[in-house]
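Just below is one structure, and these are the notes that go with it.
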Amino acid sequence: MSMAIPMGFHALPLPLAQLSLAAVLKCGQSFRWSILPLPTSELPVADGSVPAHEYRLCLRDRVVCLRQSRDALFYRSVFPASVPEESLETKEAETLAWIRDYFQLDIDLAELYRQWSLADPVFHRLQDRFEGIRMLRQDPFENLISFICSSNNNIARITKMVKSLCQHYSPPLLSLPLPSGSTLPEETYHPFPPPSALAPPEVSAKLRSLGFGYRADFIQRTAAMLVGAHGVSRHPKTLMEPSEEWLITLRNMATPEARAELLKFVGVGRKVADCVLLMSLDKREVIPVDTHVHQIAIKHYGLKSASKTANMNPKLYDEVSTKLASVWGDYAGWAHSVLFTSDLKSFASYRIASTPASPSLTPDRPSSSSPASTPSISTPTSETPTTTTKRKRALSAEKPPARTARLVEIADSLPELAIAESTYSLAERVKRRRRGAPSSQPLSPAA
DNA sequence: ACGTTACCCGTG
DNA sequence: ACGGGTAACG
């Protein structure tokens, strides 16, 4: 009866409010996760819930497998047979480090949600239905190529194209059986191809034949530019090519300079550049503006739609971006991702409520974006600006008591992230919590 | 300078 | 026609 942790998995305490794999891994940030249904016969885990899916991603040297329950993330990695048994333990520790980095677990998402809710009534109404939507910290090269594919395209096809890239331009790393009784016995996993694999001139025609359309040339030429500028010799330790390493150094660059570098590539305009800045280069304030975001800004944030519903141009792009940034503050790009996800067709059952259904949620100001009324939410540890006091009071009045309790629990469990890994049971976890790790400094997003 | 247009290819 | 756009024109 079995409060079991699935075989071979390690548990990491993590509330759903901090991360929802189901939402984050298919909301159009990364296009490369396998999402595999688990049989319903699967046993409940420690907290009593039953994970419905297993998520898998192929990295350079391993496949990471994840499952999630109400208050834990389960992970394990699978290595090629060539990896010696005795090094497996060390490598599993690397996977934990990778998870922390990739999901940016040092950033307290629940605290960000609180801040956005205070500053933005629209967000406040959404927050409960869209818990745990955070920004991934992706590999810049993969991110860049993926979003070159995204132009004038949809998530389903982008996913197919990315998969095709991996299958055709990167050797298989390993194969794994599917977790459930599917028709297929197993799936073969390929890492994302390195720049040198996509750079040869003949790649362009091949990609066209694979259905990439006009993006085929963009991909090949961008890869060729990277290889031409930085070479191809792989770093023995990181398994990265020099141009991949160089892309990572853009993280240390200011946003405008990093953006300028990205705009040099073919197939990379403002929107794609901003996606890469936000999703893999740590530029958390950047808001990529597409047609969806534009519509959201008009419908819910009083952006003047006077300037024709027509084509997006640089001026309009900046207007939308500036407007939304003024509402959401330092982590505006992260907030944007929550709104964007809530507006996706695949999340249609949770669409943003339109004005008539909830009149009180519509910003009462027409479009006057008085800078004074847009509090900075730079760091959640900072004081709530006095200008929001009125709204805050109104909100707390609506707030059911249960919610407060839940928030406390969440905050309380966060410090455990700093502890570890080991596979321990619910009983043990409760003990730890009672022992009261004084939740001292709430983890600061600014850190 | 800014506003238009063509571009691959799958869907509704 | 339109999709999470971009490059190449007038």
Side-chain angles (χ1 to χ4, degrees), chain A residues 23-32 130 133 135-136 138 142-165 168 203-225 259-280 283 286-301 303 306-321 323-324 332-348 351-352:
Chain A
V24 169
L25 299 187
K26 58 179 180 192
C27 72
Q29 291 189 53
S30 170
F31 302 94
R32 212 160 59 83
F130 293 93
I133 297 175
M135 197 52 56
L136 302 175
Q138 300 186 64
E142 172 178 341
N143 195 216
L144 176 63
I145 300 299
S146 298
F147 277 85
I148 286 176
C149 292
S150 79
S151 75
N152 220 321
N153 209 346
N154 55 66
I155 291 182
R157 182 152 83 117
I158 299 165
T159 303
K160 279 181 197 156
M161 290 162 72
V162 169
K163 183 169 191 175
S164 181
L165 273 184
H168 289 271
V203 167
S204 175
K206 173 74 171 173
L207 288 180
R208 244 173 210 280
S209 76
L210 290 172
F212 280 67
Y214 58 82
R215 303 165 198 83
D217 301 273
F218 294 158
I219 292 168
Q220 181 270 323
R221 289 169 63 196
T222 290
M225 287 170 72
R259 179 183 288 126
E261 289 298 327
L262 294 173
L263 289 173
K264 291 176 184 171
F265 298 108
V266 268
V268 179
R270 176 70 189 267
K271 157 65 168 58
V272 170
D274 280 359
C275 284
V276 176
L277 289 171
L278 174 66
M279 300 181 188
S280 61
K283 309 306 185 229
V286 170
I287 299 175
V289 178
D290 57 34
T291 49
H292 285 243
V293 174
H294 184 202
Q295 292 310 311
I296 290 174
I298 291 173
K299 188 171 180 182
H300 300 283
Y301 296 92
L303 188 94
S307 52
K308 300 171 187 173
T309 59
N311 300 314
M312 178 65 52
N313 58 55
K315 181 169 156 51
L316 180 54
Y317 190 110
D318 274 329
E319 284 174 11
V320 175
S321 187
K323 172 65 188 171
L324 295 179
W334 287 47
H336 136 278
S337 183
V338 180
L339 270 285
F340 179 83
T341 301
S342 76
D343 199 48
L344 277 180
K345 284 195 215 110
S346 51
F347 292 78
R351 285 317 199 74
I352 300 180

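First the proteins, then the strands, lettered A, B, ... as listed; each starts at 1.
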Judged by atom type as modelled, is there a donor-acceptor pair below 3.5 Å linking the side chain of [X] to the main-chain atoms of [Y]?
X      : Y      : answer
A/S164 : A/K160 : no
A/S209 : A/K206 : yes
A/T222 : A/F218 : yes
A/R215 : A/F212 : yes

Touch check for [X], heavy atoms < 4.0 angstrom, all strands: base, sugar-phosphate only, or nothing?
X      : result
A/V289 : nothing
A/G211 : sugar-phosphate
A/V293 : nothing
A/C149 : nothing

If I take atom [atom1] in residue [X] and atom [atom2] in nucleotide [N], what distance separates them, rounded to the nearest angstrom?
X      : N      : atom1 : atom2 : value
A/I287 : C/dG4  : CD1   : P     : 18 Å
A/D217 : B/dC7  : CG    : C1'   : 11 Å
A/I155 : B/dC9  : CD1   : C1'   : 17 Å
A/H294 : C/dG5  : NE2   : P     : 13 Å
A/Y317 : B/dC2  : OH    : P     : 18 Å
A/N152 : B/dA6  : CG    : P     : 13 Å
A/H292 : C/dC2  : NE2   : P     : 13 Å
A/F212 : B/dG10 : CZ    : C1'   : 14 Å

task = Would you kindly compare A/K315 and A/R208 by the position of their nearest DNA chain B nucleotide and give the one closer to the 5′ end?
result = A/K315
remark   = Between A/R215 and A/N313, whichever has its closest DNA chain B nucleotide further toward 5' is A/N313
task = Any chance you could encode DNA chain B as dot-bracket? Rule is Watson-Crick or G-U wobble with both distances under 3.5 Å; [ ] for pairs crossing earlier ones, | for another strand.
result = ..|||||.|||.
inquiry  = salt bridge (charged side-chain N to carboxylate O under 4.0 Å, His left out) for A/D274 and A/K283? Distances and angles first, verdict last.
reply    = CA-CA 9 Å; A/D274 280 359; A/K283 309 306 185 229; over 6 Å; no
key: Side-chain donor/acceptor of A/K271 to base of C/dG4, under 3.5 Å   = yes
ask   = Is a donor-acceptor pair below 3.5 Å formed from side chain A/Y214 to base C/dG5, judging by atom type as modelled?
value =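 By the distance-only test, yes, there is a pair.
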inquiry  = Quick check on C/dG3: is either OP1 or OP2 less than 4.0 Å from any side-chain nitrogen or oxygen of A/R157?
reply    = no
message = Please compare A/G267 and A/P288 by the position of their nearest nucleotide in DNA chain C and report the one closer to 5'.
response = A/P288
query = Excluding sequence neighbours, so at least two apart, what forms ring-ring contact (aromatic ring centres under 6.0 Å, His included) with A/F340?
reply = A/H292
[atom1] spacing across the pair [N] / [M], given as an integer number of angstrom:
N     : M      : atom1 : answer
B/dC7 : C/dG10 : P     : 14 Å
C/dG5 : B/dA1  : P     : 26 Å
C/dG4 : B/dG3  : P     : 24 Å

key: Heavy-atom closest contact (A/K271 atom, A/P288 atom, distance)   = CD-CB, 3.9 Å
message = Looking at every heavy atom in both A/A216 and A/L207, which two are closest together, and how far apart are they?
response = CB-CB, 3.6 Å
